[in-house]
Amino acid sequence: MREFTDTNTADVRYVIGLPLLIAVIAFVPLLIFYKRIGGIPATTFISPAVAPLITFFFVYMFAKMSTTVADGKIQIVFHYGFPKKEISLPDIQSVELQEVSNWWGSGIKRMRGAVMWRSWGKTVVVVEKRDGMRMFIGSDNPHELQQAILSSLKDQS
């Protein structure tokens with residue numbers, strides 16, 4: 001059985017843009033009040049300076065996801081090596097492609113009867129397990145990932 005590895009990478013505009021948006025939202029009110037009041041203590045700028053950094057850390061954490069199909073399982077892992085999820089191939093009932101909205105964002109999302117793992121993209125691979133739980137797996141190449149899972153399922157039988 002051969003190994004298949006796929007990545008799911010977030011758009012750079014999202015990775016850089018969201019922390020910049022947080023920085024603007026945090027600093028603009030301070031600058032407005034700074035002019036009106038005539039001065040704000042320097043310690044007031046700590047939180048607005050740290051908030052974009054923390055946002056960037058978490059956005060970057062979920063900005064890249066790797067999916068590996070090998071050794072009778074699907075392994076999904078994000079950029080820093082966690083969180084990690086494994087799905088055993090014998091537990092899989094069906095595999096299909098589905099379009100989802102970008103409004104769901106990146107990371108791990110719990111949905112009714114499903115869990116979404118993705119960094120970016122509109123098309124996801126939907127893996128339905130035998131227990132009825134569905135996994136939405138993001139991919140930059142969803143058709144190839146679907147074919148790799150299906151061929152691994154055939155090899156298992």
Side-chain angles (χ1 to χ4, degrees), residues 3-35 37 40-89 91-92 95-129 131-146 148-149 152:
E3 180 178 301
F4 177 82
T5 302
D6 184 50
T7 59
N8 187 215
T9 309
D11 190 351
V12 71
R13 293 175 295 181
Y14 172 70
V15 176
I16 302 298
L18 188 61
L20 283 176
L21 179 65
I22 298 295
V24 168
I25 290 170
F27 274 109
V28 167
L30 282 178
L31 296 176
I32 291 170
F33 286 121
Y34 184 78
K35 295 215 181 220
I37 297 173
I40 298 176
T43 56
T44 307
F45 287 96
I46 293 173
S47 292
V50 172
L53 296 174
I54 292 171
T55 304
F56 179 77
F57 174 79
F58 282 107
V59 168
Y60 192 70
M61 177 178 165
F62 292 106
K64 188 173 183 181
M65 181 181 83
S66 297
T67 305
T68 305
V69 181
D71 302 327
K73 64 185 175 191
I74 302 170
Q75 183 178 24
I76 308 165
V77 63
F78 277 99
H79 195 88
Y80 295 136
F82 66 93
K84 186 185 290 188
K85 176 74 174 172
E86 289 185 356
I87 305 168
S88 179
L89 288 177
D91 294 341
I92 296 175
V95 179
E96 61 186 36
L97 295 177
Q98 186 172 333
E99 296 282 322
V100 293
S101 171
N102 277 335
W103 285 105
W104 281 98
S106 65
I108 303 168
K109 305 287 191 267
R110 192 151 199 55
M111 301 158 57
R112 190 178 325 149
V115 177
M116 181 183 299
W117 287 59
R118 85 169 174 177
S119 289
W120 201 255
K122 291 188 73 91
T123 306
V124 295
V125 178
V126 181
V127 175
E128 186 171 353
K129 295 168 56 175
D131 63 3
M133 190 67 166
R134 297 180 344 159
M135 291 278 304
F136 290 64
I137 304 171
S139 171
D140 289 346
N141 305 304
H143 297 284
E144 293 176 19
L145 179 59
Q146 179 191 26
I149 295 170
S152 294

Rounded distance (nearest 0.5 Å) linking atom [atom1] of [X] with atom [atom2] of [Y]:
X: His79; Y: Ser66; atom1: NE2; atom2: OG; result: 9.0 Å
X: Thr55; Y: Ile25; atom1: OG1; atom2: CD1; result: 9.5 Å
X: Met135; Y: Ile74; atom1: CE; atom2: CD1; result: 8.5 Å

Quick one, [X] and [Y] - any side-chain contact, counting heavy atoms below 4.5 Å?
X: Gln75; Y: Glu86; result: yes
X: Phe78; Y: Ile108; result: yes
X: Phe136; Y: Lys109; result: no
X: Asp131; Y: Asp91; result: no
X: Ile149; Y: Leu145; result: yes

For a quick test of your reading: what N or O donor-acceptor pairs under 3.5 Å do the side chains of residues 5-19 make, sequence neighbours left out?
residue	atom	partner	partner atom	Å
Asp6	OD1	Asn141	ND2	3.3
Asp6	OD2	Ser139	OG	2.1
Asn8	OD1	Ser119	N	2.6
Asn8	OD1	Trp120	N	3.2
Asn8	ND2	Trp120	O	2.9
Asn8	ND2	Asp140	OD1	3.2
Asp11	OD1	Arg13	N	3.3
Asp11	OD2	Arg13	NE	2.9
Asp11	OD2	Arg13	NH2	2.5
Tyr14	OH	Ser106	OG	3.1

Quick one: closest heavy-atom pair of [X] and [Y], and the distance?
X: Trp117; Y: Lys84; result: CH2-C, 3.8 Å
X: Leu97; Y: Pro142; result: CD2-O, 3.6 Å
X: Ser152; Y: Leu89; result: CB-CD1, 3.6 Å
X: Val125; Y: Gln146; result: CG2-N, 4.2 Å
X: Ala49; Y: Pro52; result: O-CD, 3.5 Å

Stepwise side chain to side chain contact (heavy atoms under 4.5 Å, CB included) test for Glu128 and Arg134: CA-CA 4 Å; Glu128 186 171 353; Arg134 297 180 344 159; 3.9 Å; yes

Atom CZ of Phe27 with >12 non-hydrogen neighbours under 6.0 angstrom: yes

Other residues, nucleotides, ligands: >12 heavy atoms within 6.0 Å of Phe58 CZ: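 At most 12 heavy atoms, drawn from other residues, nucleotides or ligands, come within 6.0 Å of this atom.
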
Residues that Thr123 engages under side-chain hydrogen bond (donor to acceptor under 3.5 Å, both in side chains), provided they are two or more places apart: Glu99

